[in-house]
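Working notes for the structure below.
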Amino acid sequence: MDSHSIPHWYSPDSPPISLVDAEDATVYDEDGNAYLDFMAQLYCVNAGHSDQRIVDAMTAQASDVPYVSSALGNDSRDELATLLADRAPDNLTDVFFSVTGSEANESAMQIARAYQDAPKILTRWRSYHGSTYGASALTGDPQTRAEVERYSAVTGHTKFLPPLDFGGPFNADTPEELAEQAADHLEWVIKNEGPDSIAALITEPIAGTSGAYPAPPGYFERVREICDEYDILLVSDEVIAGFGRCGEWFGIQTENVQPDMITFAKGVTSAYVPLGGVITSSEIAEFLDEEGMPVGQTFAGHPVACAAGVAAVESYEDGLFENARDLAPVMEDALRGVEADYDVVGDVHGRGLLWGVEFADPEAGEHFFDPRVDEGENPVGAVRNEAKKRGIIFGSARPDVQLVLSPPLCVTEAEIHEAVSVLRESIEAVF
């Protein structure tokens, strides 16, 4: 069927398939072909594609009251806010809802600037925080920011280097050295920018579409100390890392650190309907209560979306997080085997059910193809296309130098082994 819908993130090298049905971790196209969905569409269908309780909750809410202004109260909105605050780190108490992750990060930026009375926001190179103008300015990928920097007046964003091991800018012999060097660099940036000019630091605890890379041990503890020393808010972007993706409610909870705000979206409803938001500390919530919040969005905290969120919480607590934790070492072991067997795989990294497979030329010791600076055919895209032909949908990172594996949390051990087997076949077909 001809379509008049313009797809997002479209690449002529990988035309989109049209999906018409789905169940658990499997999706089906209009020709009846089945695919294991190892990117949970866009790292978001965490509960799987066929959770009836979420659908039933949405239907019931739409039958009662389909819409309530975001300036008013609603029972499903209040219930979800309470559930999220109860599961967030102890210092986070209140929720400001949005519609998407991009808007959640823009809301956090607005809140931080108002609360701190400071203009600048720090984010990492090799990060992704959204695709709207404000969120794109936060993002540390030059391809994403290109149009913003050409045409937008969005300003007040400063980048710092990520704590990358493979292909990173630091020269460390151990993870602990890497954590120290990366944190020292961050402090150097803060001093040179002027601490009083910086409102917040926004970072993903485990990177999402920029490559599923975790931080080395001790890094986030030091980042928290630096933020406290210079009076800078620490905001954890959990749009991808949250809702069981890394084994806990929020990825930052795997780092033993409490942020001042958490931004979320995607998995909060298992993507059954759009919803995002910011969970704030009690001090920030009190400030907003006293000063007011002069911004908002028509569909923020939509009752149908919040009802879906409440049901998603129930689904997650019905064994899905345990399944993610149990299968995380299965996925890691399988991917470590790929790394050991193929010299074109430069590195494997991740946490929970979020993993990246990075490709590199074994002779040169660097990426085969970097779309930021190279022209020509990208073998990473070719591997992804080969996998799709074999019935597996993998994600890709920005820049496109690695694959990302991010299945629904209901995935089975057999499905993980099937996907990794296809990954091996695809690598052999391309290289």
Task: salt bridge (charged side-chain N to carboxylate O under 4.0 Å, His left out) partners of D318, counting only residues at least two apart - done: R53
TODO: Evaluate the side chain to side chain donor-acceptor pair (under 3.5 Å) criterion for residues N46 and S270: first the C-alpha distance (whole Å), next the side-chain angles of each, then the deciding distance (0.1 Å), finally the verdict.
DONE: CA-CA 5 Å; N46 291 9; S270 188; 5.9 Å; no
Task: Note, T26 side chain near Y28 side chain (heavy atom, < 4.5 Å) - done: yes
- [ ] Before giving the answer on side chain to side chain contact (heavy atoms under 4.5 Å, CB included), spell out for I111 and L233 the whole-Å C-alpha distance, their side-chain angles and the decisive distance to 0.1 Å.
- [x] CA-CA 10 Å; I111 291 169; L233 298 178; over 6 Å; no
Open item on the list: Run the side chain to side chain donor-acceptor pair (under 3.5 Å) test on Y219 and E255 for me, step by step, so that the C-alpha distance in whole Å, both residues' side-chain angles and the decisive distance to 0.1 Å come before the verdict.
Closed with: CA-CA 9 Å; Y219 174 76; E255 295 289 351; over 6 Å; no
TODO: Please confirm whether W249 and F321 have ring centers closer than 6.0 angstrom.
DONE: yes
TODO: Using atom types as modelled and distance alone, determine if a side-chain donor or acceptor of E177 lies under 3.5 Å from a backbone N or O of A172.
DONE: no
Open item on the list: Pair K159, T123 - check side chain to side chain contact (heavy atoms under 4.5 Å, CB included), show working.
Closed with: CA-CA 5 Å; K159 302 293 183 294; T123 54; 3.2 Å; yes
Open item on the list: Within the supplied structure, the quantity of interest is the number of heavy atoms (other residues, nucleotides, ligands) at a distance under 6.0 Å from D326 CG; does it exceed 12?
Closed with: yes
TODO: Report yes if some heavy atom in the side chain of L353 is under 4.5 Å from a heavy atom in the side chain of R245; otherwise report no.
DONE: yes
What donor-acceptor contacts under 3.5 angstrom involve side-chain atoms of residues 409-419, with partners at least two apart or in another chain?
residue, atom, partner, partner atom, Å
T412, OG1, E415, N, 3.1
T412, OG1, E415, OE1, 3.3
E415, OE1, T412, N, 3.0

- [ ] Indicate the atoms forming the closest heavy-atom contact of P89 with I262, along with that distance.
- [x] CD-CD1, 3.7 Å
- [ ] Search all heavy atoms of L138 against all heavy atoms of H129 and return the closest pair with its distance.
- [x] O-CD2, 3.5 Å
Open item on the list: E283 vs N91, test: side chain to side chain contact (heavy atoms under 4.5 Å, CB included). Steps then yes/no.
Closed with: CA-CA 9 Å; E283 293 82 3; N91 63 317; 6.0 Å; no
